[in-house]
Amino acid sequence: LFQATDFNLAPLTPVVDRGFADDVLHGLALPQKQLHAKYFYDQQGSDYFDQICQLPEYYPYQTELDLLPQVATDLAGTFTADCTIVEFGAGSLVKIKPLLSAISSIRQFIPIDISGIHLEMASQQLQSDFPDLAVLPVVGDFCFPVELPVIGNQQKVGFFPGSTIGNFCPAQAASFLKNARFTLGPDSCLLIGVDTKKSPLYLHNAYNDAQGITAKFNRNILSRINRELGANFTPEKFEHYAFYNAGQGRVEMHLVSTSEQVVDVLGSSVAFAAGESIHTENSYKYTPDEFCQLAASAGWQVERTWLAKQDLFATYLLRN
Ligand code: AVI
C-alpha cells in the first residue's frame with residue numbers, strides 16, 4: 001500500500017462519514033436546510049440522471065461526449081505503456097468507451113461508484129464489449145480516499161468526467177483533487193471534465209428542463225428518504241427551484257416547501273415554513289483560469305486543455 005509519506009504529500013483531509021440517516025438529520029436541522037447531493041443517486045435517481053443526460057437542454061453530457069474522441073486520439077500518443085484507468089463516479093460507463101477504443105495500452109479499468117446495482121450492471125456490459133480488459137468495479141464513496149484493487153505496478157490514470165467536481169464546493173474540490181493524487185500514486189495523471197461559466201439563461205435552461213425530469217430527479221431525494229428511512233415527506237408539496245448564483249459561480253438546486261408543514265424523519269419532527277427551502281445541490285462552473293488555479297492548489301500540473309465548441313465545456317489532463 002502507498003504511504004502518504006512515500007511521496008511527500010500532505011496528510012489526507014480529515015472527513016467524517018456520518019452515513020445517510022445521520023447526514024439527513026444533521027442537514028435538516030441546519031438554519032438553511034440542506035441534503036448532500038450524493039444522496040440523489042439511488043437506483044431511481046441514477047435512472048433519472050441518465051434521462052437528464054438525454055435532454056436537449058442539459059448540454060454538459062453531450063458536449064463532453066462529443067469532445068472525448070478527440071481527447072482520446074490525442075492521448076493515445078501520451079499513454080503508450082500499460083496503464084490502469086480509475087474512474088471516479090463512473091455511473092453508466094459510457095464516457096470511458098472512446099478512451100478504451102482509442103488507447104490500446106489500457107489493461108485494467110476500475111470504475112468507482114456509490115450506486116452498487118447500477119455499477120454492477122454497467123460493468124458486466126462493458127466487460128462483454130471489451131473482453132480483453134480487466135474490469136474491476138468498486139462500490140464506494142469517492143468523497144473519501146478509496147483503496148484500489150490494483151494488481152501490478154502500471155501507471156494509473158484517473159478519469160473524472162461529467163463536471164461532477166462542480167458538485168463539491170471549491171474547498172471540497174481541492175480536497176478531492178489532493179485525495180485523488182494520493183489514491184492514484186506517483187507519476188499518475190487525472191483526466192477531468194469541468195463545466196465552464198457561461199450565460200445565466202443557458203445555465204438556467206439546463207437545470208429547468210421543459211419535461212420536468214430535473215424536478216423529478218430533485219424530488220426523488222425526498223422519496224428516497226421515505227423509502228429508506230421511513231420518513232413521511234409528500235414530495236409534491238415541494239417545488240423544484242434551480243437558478244444560477246453568479247456571485248458564487250454556481251447553479252443551486254433547492255426544494256421549496258409549498259406550504260407550512262411538519263415532516264416526521266426518524267422520530268424527529270421537521271417543521272417547514274411556506275416558501276422555506278432545502279438546498280439539495282450546488283453545481284460550480286469554472287473558467288479555465290479558475291480551474292487551473294484550483295488544480296495547482298492541490299498539487300497537480302495542468303498539462304493540456306481541450307475546450308468544446310463555444311467553450312461550453314472543458315477537459316483537462318493533469319499530471320502528478
Ligand atoms: C452530476 N452532476 C455533475 C450534475 C450537475 O450538472 O451538477 C447533476 C445534475 N443536477 C441537475 N442536473 C444534473
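Q43 CD: more than 12 foreign heavy atoms inside a 6.0 Å radius. The 12-atom threshold is not exceeded at CD of E260, counting heavy atoms of other residues, nucleotides or ligands nearer than 6.0 Å. Environment of NZ in K216: sparse, with no more than 12 heavy atoms of neighbouring residues, nucleotides or ligands closer than 6.0 Å.
Under the 3.5 Å distance criterion, the side-chain polar atoms of T280 are matched with a main-chain donor or acceptor of M253. At least one donor-acceptor pair closer than 3.5 Å links the side chain of E290 to the backbone N or O of T287. In this structure a side-chain-to-backbone donor-acceptor pair under 3.5 Å is missing from T183 to A180. Remark: side-chain polar atoms of Q261 are paired, donor with acceptor, to backbone N or O of K237 under 3.5 angstrom. Of the possible polar contacts, one joining the R219 side chain to the F238 backbone as a donor-acceptor pair under 3.5 Å is found. Put simply, the side chain of T164 never gets that close to the backbone of F160: no donor and acceptor are under 3.5 Å apart. Without hydrogens or angle criteria, N282 side chain to Y284 main chain gives no donor-acceptor distance under 3.5 Å. For R250 (side chain) and G247 (main-chain N/O), no donor-acceptor pair under 3.5 Å exists by modelled atom type. Here the side chain of Q155 pairs a donor or acceptor atom with the backbone of D187 at under 3.5 angstrom. Side chain of H26 to backbone of L28: no donor-acceptor contact under 3.5 angstrom is found.
Between the NZ atom in K198 and the CG atom in L312 there is a gap of 5.5 Å [rounded to 0.5 Å]. Summarising the geometry, atom CG belonging to L133 is positioned 5.5 Å from atom CG belonging to L100; distances are rounded to the nearest 0.5 Å. The CG atom of L126 sits 13.5 Å away from atom CE of M121, with the distance rounded to the nearest 0.5 Å. The distance from the CG atom of L190 to the CG atom of L318 is 5.0 Å, given to the nearest 0.5 Å. Of the inter-residue distances, the one linking L191 atom CG with R304 atom CZ reads 11.0 Å to the nearest 0.5 angstrom. From W300, atom CH2 reaches atom OG of S188 across 4.0 Å, with rounding to the nearest 0.5 Å.
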Item to complete: Check the pair Q70, D74 against side chain to side chain donor-acceptor pair (under 3.5 Å), reporting the backbone distance first and the verdict last.
Response: CA-CA 6 Å; Q70 182 60 54; D74 293 347; 2.9 Å; yes

Practice prompt. Check step by step if ring-ring contact (aromatic ring centres under 6.0 Å, His included) holds for Y207 and Y244.
Written response: CA-CA 9 Å; Y207 291 81; Y244 182 59; 9.5 Å; no

Discussion item. Evaluate Y41 against F217 for ring-ring contact (aromatic ring centres under 6.0 Å, His included), listing each step before the verdict.
Written reply: CA-CA 9 Å; Y41 302 94; F217 171 75; 5.7 Å; yes

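Follow the hydrophobic side-chain contacts under 4.5 Å out from V270 and you reach L229 in the same cluster. Note: the hydrophobic cluster containing V256 does not contain I221 (ILVMFWY, side chain heavy atoms under 4.5 Å, direct or indirect links). I213 and Y241 fall into different hydrophobic clusters, where Ile, Leu, Val, Met, Phe, Trp and Tyr side chains are chained together by heavy-atom contacts under 4.5 Å. F313 and L68 are not part of a single hydrophobic cluster, where members link through side-chain heavy atoms under 4.5 Å apart.
Counting only residues at least two apart or on different chains, the side chain to side chain donor-acceptor pair (under 3.5 Å) pairs with a member in residues 126-138 are Q125-D129. Each side chain to side chain donor-acceptor pair (under 3.5 Å) pair with one or both residues in residues 226-235, not counting sequence neighbours, appears once here: D42-R227, N220-R227, R224-E228.
For the residue pair T196 and Y286, no side-chain donor N or O sits within less than 3.5 Å of a side-chain acceptor on the partner. Looking only at atom types and distance, the side chain of N218 has a donor-acceptor partner in the side chain of H240 under 3.5 Å away. Side chains of D50 and Q54: a donor-acceptor N/O pair is absent below 3.5 angstrom, by distance only. Residues D66 and Q62 bring a donor and an acceptor atom of their side chains to less than 3.5 Å of each other. Neither side chain, Y59 nor N205, offers a donor N or O lying under 3.5 Å from an acceptor on the other. No donor-acceptor contact under 3.5 angstrom links the side chains of T214 and E57, judged on distance only. Q154 and T84 are linked by a side-chain donor-acceptor pair at a separation below 3.5 angstrom, with hydrogens and angles left out of the test. At a cut-off of 3.5 Å, with distance as the only test, no side-chain donor of D209 or Y58 sits close to an acceptor on the other residue.
In this structure, K95 is not positioned above the aromatic face of F159 in the sense of NZ or CZ being under 6.0 Å from the six-membered ring centre and within 45° of the axis.
Ring pair F40/F49: centre-to-centre distance not below 6.0 Å.
Listed here is the closest heavy atom pair of V262 and S269: CG1-CB, 3.8 Å.
Between H254 and F243, the two ring planes are parallel [angle under 30°; tilted spans 30° to 60°].
When the options Q32, Q34, E252 are evaluated for a side chain to side chain donor-acceptor pair (under 3.5 Å) with S277, the one that passes is Q32.
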